[in-house]
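To start, the structure itself, in structure tokens.
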Amino acid sequence: MTKASDEMAATALYVRESGRPGGPATARLKILLGHLQGPAATAIAAYPTSAANISSSYHPQQFQYTLDNNVLTLEQRQFYEDNGFLVIKNLVPEADIQRYRNQFERICRKEVAPIGLQIMKDVTIAKSEFHADEKAVTKIQDFQSDEELFSYCTNPQIIKYVECFTGPNIMAMHTMLINKPPDSGKKTSRHPFHQDLHYFPFRPSNSIVCAWTAMEHIDRNNGCLVVIPGTHKGTLKPHDYPKWEGGVNIMFHGIQDYDANQPRTHLVMEKGDTVFFHPLLIHGSGRNKTQGFRKAISCHFASSNCYYTDVKGTSQEIIEKELQNLLEKKYGISKIPLKKRIVGRELL
Ligand SMILES: CC(C)CC(=O)SCCNC(=O)CCNC(=O)[C@H](O)C(C)(C)COP(=O)(O)OP(=O)(O)OC[C@H]1O[C@@H](n2cnc3c(N)ncnc32)[C@H](O)[C@@H]1OP(=O)(O)O
Ligand SMILES: Nc1ncnc2c1ncn2[C@@H]1O[C@H](COP(=O)(O)OP(=O)(O)OP(=O)(O)O)[C@@H](O)[C@H]1O
Ligand SMILES: O=C(O)CCC(=O)C(=O)O
Ligand SMILES: [Fe+2]
Ligand SMILES: [Mg+2]
């Protein structure tokens with residue numbers, strides 16, 4: 001089997017010139033997916049299957065959030081339609097996860113410095129003394145120019161599922177490797193409940209999906225993802241900083257008026273398990289009560305047919321303003337609209 005990362009090595013960083021995240025349609029991805037065989041085909045499991053509510057009077061047109069392509073079972077489709085997320089067990093091979101881990105460590109040691117990469121530190125570290133190692137890095141963002149990490153986004157196992165939500169012409173819009181640190185006691189390792197769409201100036205939301213892969217066993221002890229099933233059917237809510245006593249990480253906005261009585265699902269995942277979720281799904285992650293750094297890798301994918309939006313006058317203006325002020329203060333760069341900041345990379 002040809003490795004997708006080799007096939008994709010020729011892709012260039014996409015520079016947006018017009019109103020669309022994507023360029024011309026291409027059939028190349030389809031050809032690549034034709035190579036997919038073996039373990040990936042056996043790795044499929046909905047989470048948790050018992051929650052799927054399958055109607056006996058099923059009609060294809062009732063599906064709004066998934067596309068017809070014979071990858072998902074009817075149960076999996078219905079689960080995503082109802083809940084806004086779907087866990088596929090054992091999707092990313094262990095050897096690939098080890099490569100992402102190695103590259104993350106090289107980045108932390110500053111042996112490589114991918115263009116465009118953002119390095120985030122936990123607020124308790126960012127506001128204190130400097131530690132020059134992995135322990136200082138809470139997440140890296142925008143690794144689209146790093147071929148080793150970007151191979152996560154071109155992994156055929158991942159793309160096969162992404163296509164069920166975006167269709168065949170896909171852009172990698174935003175990437176992260178999250179290294180949730182042991183909580184300092186101030187609860188700053190938490191990520192408040194939010195909708196990822198708050199950060200994204202492109203639409204339609206149903207053509208966007210996040211793939212998030214556990215790089216180790218993750219449960220409530222080390223701060224698993226926590227989702228509120230079904231909230232993808234709602235609208236984008238206003239976000240702002242939570243009023244947490246111990247402080248909160250920069251740009252970790254949360255939903256102000258979420259209903260605390262809505263049932264939460266804690267996603268317990270093993271290494272390689274991957275959750276695909278809708279950008280309106282309300283989710284967060286809990287405190288890391290262990291001494292280890294909990295790792296996950298993720299990418300937000302969008303259809304090339306998505307279009308950019310102007311966030312001025314919307315609830316998203318708050319994140320645009322915050323980014324503008326930060327860039328102005330740090331680099332003296334004047335007002336860049338959010339839609340010019342988030343540039344994806346096409347999967348050719
Ligand atoms: C799906 C969604 C959730 C994903 C997203 O968030 S998409 C949103 C878009 N995000 C981005 O574009 C990435 C933005 N990130 C960045 O620009 C950088 O990583 C920064 C956050 C500015 C950090 O860059 P760095 O080079 O470390 O800058 P500095 O050390 O000079 O810090 C700049 C000011 O920010 C403060 N800071 C940095 N990290 C944190 C933190 N974790 N919590 C609270 N405050 C923090 C830092 O203290 C400094 O503030 P001042 O001391 O100047 O007042
Ligand atoms: N006051 C709050 N406002 C907004 N989000 C919160 C608040 N308290 C907790 N959260 C968020 O709720 C989510 C899950 O919290 P929850 O308490 O269910 O699990 P946990 O913190 O992982 O586990 P445990 O309660 O066992 O410590 C996390 O995303 C967390 O950041
Ligand atoms: O804690 C995590 O790994 C998820 C964080 C998250 O939801 C995000 O960065 O958007
Ligand atoms: Fe998120
Ligand atoms: Mg809690």
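Order of listing sets the numbers, starting from 1, for every ligand and every atom in it.
Proximity of a side-chain donor or acceptor of Ser145 to a complementary backbone N or O of Ile115 within less than 3.5 Å is detected. In this structure, Thr175 contributes its side chain and Phe143 its backbone to a donor-acceptor pair below 3.5 Å. Side chain of Gln76 to main chain of Thr73: a donor-acceptor pair is present (N/O by atom type, distance under 3.5 Å, no hydrogens or angles).
Contact check for Phe277 versus Leu225: side-chain heavy atoms found under the 4.5 Å cut-off. In this structure the side chain of Leu323 reaches within 4.5 angstrom of the side chain of Arg341, judged on heavy atoms. Counting only heavy atoms from C-beta outward, the side chains of Ile107 and Asp146 approach each other to under 4.5 Å. Looking only at side-chain heavy atoms (C-beta outward), Tyr80 and His278 come within less than 4.5 Å of each other. Glu216 is listed as a side-chain neighbour of Ile218, based on a closest heavy-atom distance under 4.5 Å. Using a 4.5 Å heavy-atom threshold, the side chains of Trp244 and Pro192 count as touching. Using a 4.5 Å cut-off on side-chain heavy atoms (C-beta onward), His198 and Ile318 make contact.
Of all protein heavy atoms, the one lying nearest to atom 12 (O) of ligand 1 is Arg341 NH2, 2.8 Å. In this structure, atom 16 (C) of ligand 1 lies nearest to the protein heavy atom Gln118 OE1, 3.1 Å. What sits closest to atom 23 (C) of ligand 1 on the protein, heavy atoms only, is Ile119 O, 4.2 Å. Protein heavy atom in closest approach to atom 38 (C) of ligand 1: Ala126 CB, 3.8 Å. From the protein, the heavy atom lying nearest to atom 1 (O) of ligand 3 is Ser285 OG, 2.6 Å. Atom 8 (C) of ligand 3 has His191 CE1, 3.5 Å as its closest protein atom, hydrogens excluded (heavy atom only). Among all protein heavy atoms, the one lying closest to atom 2 (C) of ligand 1 is Tyr199 CD1, 3.4 Å. The protein non-hydrogen atom at the shortest distance from atom 3 (O) of ligand 3 is Arg294 NH2, 2.5 Å. At the top of the distance list for atom 50 (O) of ligand 1, counting protein heavy atoms only, stands Lys127 NZ, 4.1 Å. Closest to atom 4 (C) of ligand 1 among all protein heavy atoms lies His174 CE1, 3.2 Å. Looking from atom 26 (O) of ligand 1 to the surrounding protein, the closest heavy atom is Lys330 NZ, 3.1 Å.
Nearest approach of Ala211 to Phe276, heavy atoms of both residues: CB-CE2, 3.7 Å.
With respect to Asp183 and Arg287, no salt bridge is recorded, no charged nitrogen being found less than 4.0 Å from a carboxylate O.
Checking each of Leu91, Asp273, Ile88, Ile158 against Thr213 for a side chain to side chain contact (heavy atoms under 4.5 Å, CB included) leaves exactly one that passes, namely Ile158.
Taking the ring axis of Phe150 as reference, the NZ or CZ atom of Arg345 stays within 45° of it and closer than 6.0 Å to the ring centre.
Within ligand 1, the atoms closer than 4.0 Å to a non-hydrogen atom of Gln141 are 4 (C), 5 (C), 6 (O), 10 (N), 11 (C), 13 (C), numbered from 1 in the order shown. The ligand atoms of ligand 3 that sit less than 4.0 angstrom from a heavy atom of Lys139 are 9 (O). Within ligand 3, counting atoms from 1 as listed, the ones closer than 4.0 Å to a heavy atom of His283 are 7 (O). Close approach of ligand 1 to Asp196 is summarised as follows: ligand atoms under 4.0 Å from at least one heavy atom of the residue are 1 (C). Residue Lys121 has at least one heavy-atom neighbour below 4.0 Å for each of these atoms of ligand 1: 27 (O), 41 (C), 42 (N). In summary, the atoms of ligand 1 found under 4.0 Å from a heavy atom of Asn249, numbered by their order in the structure, are 41 (C), 42 (N), 43 (N). The ligand atoms of ligand 1 that sit less than 4.0 angstrom from a heavy atom of Lys329 are 51 (P), 53 (O), 54 (O). Of all atoms in ligand 1, listed by their number and element, those nearer than 4.0 Å to a heavy atom of Leu326 are 17 (O), 22 (C). In summary, the atoms of ligand 3 found under 4.0 Å from a heavy atom of His194, numbered by their order in the structure, are 6 (C), 7 (O), 8 (C), 10 (O). For ligand 3, the atoms lying closer than 4.0 Å to a non-hydrogen atom of Met176 are 8 (C), 9 (O), 10 (O).
Residues meeting the side chain to side chain contact (heavy atoms under 4.5 Å, CB included) test with Leu326, sequence neighbours left out: Ile250, Met251.
The heavy atom nearest to atom 36 (C) of ligand 1, considering only Asp122, Val137, Thr138, Ile250, is found in Ile250. Comparing Met173, His239, Met251 against atom 14 (C) of ligand 1, the shortest heavy-atom distance belongs to Met251.
Around the NZ atom of Lys233, the shell of radius 6.0 Å holds more than 12 heavy atoms that belong to other residues, nucleotides or ligands.
The ring of Phe165 has its center no closer than 6.0 angstrom to the ring center of Phe301. The six-membered or imidazole ring of His174 lies away from that of Tyr199, with a centre-to-centre distance of 6.0 Å or more.
When distances from atom 40 (C) of ligand 1 to the protein are checked, a heavy atom turns up under 4.0 Å.
Using 4.0 Å as the threshold, His198 has no heavy atom nearer than that to any atom of ligand 1. At least one heavy atom of Trp212 sits less than 4.0 Å from an atom of ligand 3.
Around the Fe ion (ligand 4), the protein N, O or S atoms found under 2.8 Å comprise His194 NE2, Asp196 OD1, His283 NE2.
No hydrogens or angles considered: nothing links the side chains of His253 and His194 as a donor-acceptor pair under 3.5 Å.
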